[in-house]
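Working notes for the structure below.
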Amino acid sequence: MNAEESVELEQLMFVEEPMDGDDPRVHPAWLPPEAFRSLGARRVLLHGEGLLVDTVLNEVSRACARYGGRVWHSPSWDVDVDLVLALRDAGELPNPSVEAARAAGEAALVELGDGGTLGDEGFVLARAGDVTAVLADAPAGLLYGLFHVVRLCAAAFDPARPPERHRPALRRRMLNHWDNVAVHPVMGQVERGYAGGSIFWQDGRPRGDLARVREYGRLLASCGVNAISVNNVNVARTEALLLTERLGDVAEIADALRPYGIRVHLSVSFAAPVLLGGLATADPLDEAVRAWWAATTRRVYDRIPDFGGYLVKADSEGQPGPFTYGRDHADGANLLAEALAPHGGVVHWRAFVYNHHQDWRDRSTDRARAAYDHFAPLDGRFRTNVVVQVKFGPVDFQTREPVSPVLAAMPATRLAVELQVTQEYTGQQRHVCHLGPWWSEVLGFAPWGPGGRTIADVVTGESAAGGGMVAVANVGDDLFWTGHPLAQANLYTFGRLAWDPRRDPTAILDEWITLTFPPSATADADLVRRTLHEIMDDSWRTYERYTAPLGVGFMVNPGDHYGPGVDGYEYTRWGTYHFADRDGVGVDRSRASGTGFAGQYPPYWAQVYESPETCPDELLLFFHHVPYGHVLHSGSTVIQHIYDTHFAGVEEVTAMRRKWQTLTGMIDPSVYERVAERLDEQVRCATEWRDQINTYFFRKSGVPDERGRDIY
Ligand code: GCW
């Protein structure tokens, strides 16, 4: 067989497979075939071996089959190429221009400094003559490099492009699925899921659509996610069995995701030794319990050698935990860590622990304090393969909360910050609420004071040994993956921020727009881009304006957490109160007269938050109970601020809807229609929020709107 024939054969092998992004059952999200046009028209040489190298080969082959390019895998003859994707330790090729490109990549690495290592996931991109080279130490680096080239489009082939090196800031970039295997009587198939059923499970069984799982892995890898947990942190009987009897179901998911460099983790029940092992106790210090976890974990690794580890919600909202045995969270986490350690696994132990049977009459108990009170004293006691996973705020994924003080209180512990991509409290994927700016604010917060280390630094840790970033996923079996097509951007943004927590969220959004609505396939690309930015950039602040004011939180309908319910949680056991009366509103969390929560921060913020005079406006009611006439830094009174922001919020949503209408006929009609429907609902719901909040506070305070607008 001559060289040309072997190339033809190589290409054929790949074009016969179904094309990713072509499945009519599902929207291609940010990887439509069109996004691969620039890559697919090139001559590409891939050099190296490994499962993920095969994935890269597949991706490139498909793109080239579609757009007329060509691909060679480690050819033993000379070829002219535009792009080389090579492992650094792969042998020399008899191809001078390819070797020159590789040499340019090596030289670039030396020039960029830092020892020249790229690690398991990094890559370098450099130009030599007419050739772009992407080099990596390991196959995953080539996969990430490939998606980088896709994002860059033609810019990846710009002769003047300077060399660049990319490595993820965080080692673990993880999504948690709150998917149930068996449909939960209240929470359904996916707890807090707003995108249909689960892509993994259906009615007590695996869903069996592994092609979709693989497609999901592809989307995740392309934005940088490298780990997922596949079942809800609330582990019921059926879900507990995933650890043992049903491990095969988890292994199938792991097999589908492995080619995209994604490791699978499992939520486990702390009571598993009793529930599944028939032991009389799950006491973490009991020898039989330790042996049970060790043996069970060994079996997990026999089946899934690259298994990531366990995720645990213990002693929280009714889940079992070490408290039953008079032990603490370090004892509990270390038990599992010990079982995982020989296999290189980690345990993610959640810090979301509080009393969910609080008496609303008792003003001394403060849910916001709980995670710190439980965990800060345990700093230094966790094994090195424990990651304490901390919700970004002290309460619960609210639209606005201060950053959790736990993240500044455990210097000797690996900490991960937990975000919520699923929009439980931020519009449930019926509202446009682009969360990138909020997450960036959280990651950029400097708990020790301005200019000091940030949350991004904490979760990165020394030499990237920190706990990383985790988020609750927002996908389901919906045609658009996320219910609201624009909510895809939240998932994408999470991945990109986890790769580099210091990136500008607007730039990330721009990247998402370019991939999802490729300019080459859009009649007026500028209009589409501008309109999407106008709708999405500030949408989180818009959402904040028409919902609970000034950081007070909640005010949602109990149970499903959608829509306004100002007093919905006021007299419940959940510890989520606003304390509005005829004189004022807010929670006094100062040290001087309140719950003392403000004192959980390092001195700079403890002092800022302590007084209503220095507390930032947007958090005022989180930290203080103030009269309606209290004057904010903005110059407005609290009551007038409430009215103004709520009227403004609805106007902004109405404007979003109008702007969206300018895209009629400009984009995929099914996307257009779905978003249009949801914007109608957003306008309706925002109006309801505005009127209920304004009316509530008008009735409480008796203070009229100074602009005389309609309040009921
Ligand atoms: O935000 C709350 C949700 C619960 C969830 C819990 C948690 C999985 O309302 O549905 O349970 O947080 O984070 O564990």
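As the structure lists them, so they are numbered: ligands from 1, and atoms in each ligand from 1.
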Original post:
Can you tell me the protein heavy atom closest to atom 12 (O) of ligand 1 and the distance?
Top reply: K391 NZ, 3.0 Å
**OP:** Among residues two or more places apart or on two chains, list those pairs meeting salt bridge (charged side-chain N to carboxylate O under 4.0 Å, His left out) that have a residue in residues 171-190.
**Re:** E121-R173
**OP:** Pull out every atom of ligand 1 sitting under 4.0 Å from any heavy atom of H561, numbered as shown with elements.
**Re:** 9 (O)
Subject >> Where ligand 1 meets Y425 - atom numbers and elements under 4.0 angstrom, heavy-atom basis >> reply: 1 (O), 9 (O)
Original post:
What protein heavy atom sits nearest atom 7 (C) of ligand 1, and how far off is it?
Top reply: F352 CE2, 3.3 Å
Original post:
What part of V472 sits under 4.0 Å from ligand 1 if we count only heavy atoms: the side chain, the backbone, both or neither?
Top reply: neither
Subject >> Contact (N/O only, under 3.5 Å) between N232 and ligand 1 >> reply: no
**OP:** Would you confirm whether Y260, through its side chain, and Y216, through its main-chain N or O, come within 3.5 Å as a donor-acceptor pair?
**Re:** no
Original post:
Taking the inter-plane angle between the rings of W438 and F392 on a 0 to 90° scale, is it parallel (under 30°), tilted (30 to 60°) or perpendicular (over 60°)?
Top reply: perpendicular
Original post:
In the protein, which heavy atom is nearest to atom 10 (O) of ligand 1, and how far is it?
Top reply: E191 OE2, 2.5 Å
Original post:
With a 4.5 Å limit on heavy-atom distance, are the side chains of H184 and E191 in contact?
Top reply: no
Original post:
Got the closest protein heavy atom to atom 9 (O) of ligand 1, with its distance?
Top reply: E424 OE2, 2.5 Å
Original post:
How far is atom 2 (C) of ligand 1 from its nearest protein heavy atom, and which residue and atom is that?
Top reply: D396 OD2, 3.1 Å
Original post:
Between Q488 and N474, do the side chains contain an N or O donor and an N or O acceptor separated by less than 3.5 Å?
Top reply: no
Original post:
Is the closest heavy-atom distance from E418 to ligand 1 below 4.0 Å?
Top reply: no
**OP:** If you have a sec, work out which protein heavy atom is nearest atom 14 (O) of ligand 1 and how many Å separate them, to one decimal?
**Re:** K313 NZ, 2.6 Å
Original post:
Quick one: does W178 get an N or O within less than 3.5 Å of an N or O on ligand 1?
Top reply: no
Subject >> Between H578 and F554, ring centroids under 6.0 Å >> reply: no
**OP:** Please name the residue in the list N232, V233, V230, N180 that meets the side chain to side chain contact (heavy atoms under 4.5 Å, CB included) test with E239.
**Re:** N180
Original post:
Can an N or O of Q420 be found at a distance shorter than 3.5 Å from an N or O of ligand 1?
Top reply: no
**OP:** Please confirm whether the backbone N or O of H356 pairs with a side-chain atom of R573, one donor and one acceptor, at under 3.5 Å?
**Re:** yes
Subject >> Presence of salt bridge, D331 and R381, under 4.0 angstrom >> reply: yes
Original post:
Who's the nearest protein heavy-atom neighbour of atom 8 (C) of ligand 1, and how far?
Top reply: N234 ND2, 3.3 Å
